[in-house]
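These numbers come from the heavy atoms of this one structure, side chains and all, not from hydrogens, waters or symmetry mates.
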Protein chains: 2
Amino acid sequence: MANSKLYKGSLVTIILRLLKENEKMYGYEITQKVKQITQGELQITEGALYPALHKLEAQGLLDVDVQKVGNRLRKYYKLTPQGQKETHSKLQELQAYIKTMQVLVNPKWSLES
Amino acid sequence: MANSKLYKGSLVTIILRLLKENEKMYGYEITQKVKQITQGELQITEGALYPALHKLEAQGLLDVDVQKVGNRLRKYYKLTPQGQKETHSKLQELQAYIKTMQVLVNPKWSLES
DNA sequence: AAATATACATAAAATTCTTAGGCATGGTGT
DNA sequence: ACACCATGCCTAAGAATTTTATGTATATTT
């Protein structure tokens with residue numbers, strides 16, 4: 001997941017955000033979508049993704065729909081109503097995080113306009 | 001450290017950034033400064049901070065200067081030349097992270113203006 | 001025929017942080 | 001005098017998340 005440790009903790013937010021946009025997605029699709037959107041900057045590893053999906057499902061934030069495409073299985077995930085709420089919450093947390101970090105990083109301190 | 005998991009991985013960046021601004025700081029001062037700047041949003045716990053400082057020192061990114069103020073010890077940390085380079089690098093990573101996350105979060109996909 | 005892509009999965013280890021203490025000085029309130 | 005909180009350092013057990021390393025199987029490309 002990139003060489004930056006900053007991505008630690010943002011996997012769930014990313015997953016939820018993608019599912020908000022795409023209605024239903026399967027695991028492998030998520031990894032590819034993220035790679036594409038970020039132009040390779042961010043690579044979600046399967047060892048992190050699948051456990052995360054299982055946990056989100058266990059928490060009632062995602063529903064699963066297993067489909068057989070050709071001869072292969074796909075597990076399509078989609079947001080539950082509760083998952084939609086959580087998505088909204090996570091996105092607000094992200095905005096707050098970014099805002100806070102920018103305050104910490106930008107030297108407008110001791111000025112406090 | 002806030003209720004958001006997004007802060008995971010950003011502690012070192014925060015420490016380095018503060019030391020870039022403040023020349024020399026001691027641990028407790030860092031916790032208070034962060035609390036103040038973020039108006040309580042972000043509380044750095046000492047259980048995370050001190051091991052992080054020790055590690056940065058061991059990596060040669062920080063130098064320590066122990067001083068006795070009144071009857072109490074203070075360990076003042078400051079950036080080494082290598083620490084300054086690393087700070088620059090970490091700040092660029094933060095910019096990249098924010099940019100990437102905003103791309104992931106903002107729905108300009110499949111448009112790619 | 002071999003290599004790569006698709007598609008799922010788990011498990012050990014590493015990393016980072018939280019939680020929960022411990023020790024000591026100094027000031028403030030009762 | 002005594003309790004409590006702020007200052008100032010510290011560590012260690014556990015939790016949570018991710019990396020790394022596999023495993024299995026089918027489909028496509030070279």
Touch class at under 4.0 angstrom, heavy-atom based, for [X] against every strand present:
X: K55(B); result: sugar-phosphate
X: G70(B); result: nothing
X: E29(A); result: nothing
X: R72(B); result: base
X: G47(B); result: base

message = By nearest atom, which of the nucleotides dT11(D), dC8(C), dT7(D) is closest to the R74(A) side chain?
response = dC8(C)
query = Y26(A) side chain: which of dA7(C), dG26(C), dC10(D) is closest?
reply = dA7(C)
task = Measure across K24(B) and E29(B) and return the closest heavy-atom pair with its distance rounded to 0.1 Å.
result = O-OE1, 4.2 Å
query = Does K8(A) get its side chain close enough to the base of dT18(D), under 3.5 Å, for a donor-acceptor pair?
reply =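 Answer is no: no donor-acceptor pair is held.
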inquiry  = Measuring to OP1 and OP2 of dT11(D), would you say a side-chain N or O of H54(B) lies under 4.0 angstrom away?
reply    = yes
inquiry  = Suppose we screen for side chain to side chain contact (heavy atoms under 4.5 Å, CB included). Which residues come up paired with L91(A), at least two apart in sequence or across chains?
reply    = T13(A), R17(A), K20(A), T87(A), V105(B)
request  = Taking the six-membered ring for Trp and the full ring for Phe, Tyr or His, determine whether the centres of Y77(A) and Y26(A) are under 6.0 Å apart.
outcome  = no
